[in-house]
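Here is the naming used below: chain letters follow the sequence lines, and residue numbers restart at 1 for every chain.
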Number of protein chains: 2
Amino acid sequence: MQKPKDQLEVFKELLTRKGLKYTHERESIYEEVRAINHHFNADSLYERFKKRGERIARATVYRNLPLLLESGVVQKSAGNGKRDFYERTRTKGHHDHMVCLGCRKIIEFHSDELEQIQEQLSRKYKFKLVFHDHRLFGYCEKCQS
Amino acid sequence: MQKPKDQLEVFKELLTRKGLKYTHERESIYEEVRAINHHFNADSLYERFKKRGERIARATVYRNLPLLLESGVVQKSAGNGKRDFYERTRTKGHHDHMVCLGCRKIIEFHSDELEQIQEQLSRKYKFKLVFHDHRLFGYCEKCQS
DNA sequence: TCTCAATTGAGATTTAGTTTCAATAAGAAT
DNA sequence: ATTCTTATTGAAACTAAATCTCAATTGAGA
């Protein structure tokens, strides 16, 4: 278990590696997503800037979220199922989701075993795992009757 | 390990349970998806009917795929990432996907362990697991340089 | 057979995300 | 510090995918 690199560093490295630039907008977006504790989507993030009077285009938000995802700063989350939802990646507290087909309730879960097996599988296929999207669909306790 | 119920039965049971009807269209769609060996999406399925002259509305196809998903007749697949892709559920041969962020290559993988842990977790949360969506994103061997 | 809610078709509509393109800004090279 | 090249941005137009509308129809239980 090595000390995790600072997230901003990782983000900047990704940009450099891809020949991209660290713009003011990217800085703002980075800071904002790090400050949000719950899940969000591109539009709700955009609205936060708008509400506070910071002018960043909707398209810019949409354009940059994939980079934050790729650098691991944010991870996929399970919103209502349709849109792309995100949440910041925590060193502690990564989790996946169970989605109830009945009432749409979301149950968060985590399993180290699961994570380890994904790592194993990635090694087996010489795949460099960056992030994953893992959702279980079914019925919560209440909706099983 | 109990003998898996006939898929058509499961589908019909779902309909009954939900107070829905087994229409001609549903029958056609059921049969068609069972006959497709590769992955598909709502539109490509619709096109198959159209091409052969069977008139089923696009909306009907879209409307019914979620039911087939819920009954386990089809499962989510990983197409190009954007659309909802499906593939028929095989007793043998269930798999998940690794998606390369570089070249979009899809690697199929399967792990009994992974499946078992999902079952365990579902039991732990009293969740009745129906299907899951599990995709690993990262870089394939070629794209790591 | 009757009844009634579920279903369908066809097109309109919505939603989410992407593209366009001229103007601007990052940051490497000089 | 200045120049130069290329990525980036904003704003709105656009696209793709999926959903909705509503009148006509159909399934299946009474």
### Summary
Among the nucleotides D:dA18, D:dT21, C:dA6, whichever has the atom closest to the side chain of B:Asp84 is D:dA18

### Query
Hey, which of these two, B:Ala42 or A:Ala57, hits DNA chain D nearer its 5' end, going by closest nucleotide?
A:Ala57

### Closest nucleotide among D:dC20, C:dG17, D:dT9 to the A:Asn64 side chain
D:dT9

### B:Thr23 side-chain N/O to C:dT8 phosphate OP1/OP2 under 4.0 Å
yes

## Note on the structure
In whole angstroms, the gap separating P of C:dT8 from CD of B:Glu54 amounts to 13 Å

### Message
Please confirm whether the shortest side-chain N or O distance from B:Arg63 to OP1 or OP2 of C:dT7 is below 4.0 Å.
### Response
no

#### Entry: Distance-only polar pair, side chains of A:Asn64 and A:Tyr30, donor-acceptor under 3.5 Å
no

### Message
Does C:dT18 have OP1 or OP2 under 4.0 Å away from a side-chain N or O of A:Tyr62?
### Response
no

### Query
Over how many whole Å does the gap from B:Glu27 atom CD to D:dA28 atom P extend?
10 Å

### Message
Just the rounded figure in Å: distance from P of C:dA16 to CG of A:Leu45.
### Response
15 Å

### Query
Considering heavy-atom distances to DNA chain D, does B:Glu25 or B:Ala59 have its closest nucleotide positioned more toward the 5' end?
B:Ala59

### Query
Could you state the CG-P distance from B:Leu15 to C:dT7, rounded to the nearest angstrom?
8 Å

### Task
Return the nearest nucleotide to the side chain of A:His24; candidates are D:dA7, C:dA26, D:dC20.
C:dA26

### Message
From the set D:dA28, C:dG9, D:dG10, return the single nucleotide nearest to any side-chain atom of A:Ile56.
### Response
D:dG10

### Message
Classify the ring geometry of A:His132 against A:His94: parallel below 30°, tilted from 30° to 60°, perpendicular beyond 60°.
### Response
perpendicular

### Task
Would you mind reading off the distance between A:Leu69 atom CG and C:dG17 atom P, rounded to a whole angstrom?
12 Å

## Note on the structure
Side-chain atoms of A:Lys21 come closest, of C:dA5, C:dG17, C:dG27, to C:dG27

### Message
Could you tell me how far apart B:Leu14 (CG) and C:dA6 (C1') are, to the nearest whole angstrom?
### Response
15 Å

### Query
Backbone N or O of A:Ile56 within a donor-acceptor pair of the A:Thr60 side chain at under 3.5 Å?
no

### Message
If you only use heavy atoms from C-beta on, which nucleotide in D:dA28, D:dG10, C:dG9 is closest to the side chain of B:Thr60?
### Response
C:dG9

### Task
With the side chain of B:Arg26 defined as its heavy atoms from C-beta on, choose the nearest nucleotide among C:dT18, D:dA11, C:dT7.
C:dT7

### Query
Between the side chains of A:His95 and A:Glu87, is a donor N or O closer than 3.5 angstrom to an acceptor N or O?
yes

### Query
In whole Å, what is the span from the CZ atom of A:Arg17 to the P atom of D:dA7?
17 Å

### Message
To check you understand the geometry: which heavy-atom pair defines the closest contact between A:Gln7 and A:Gly72, and what is its length?
### Response
OE1-O, 3.6 Å

### Message
Measure CZ/A:Arg55 against P/D:dA12 and give the value in whole Å, please.
### Response
12 Å

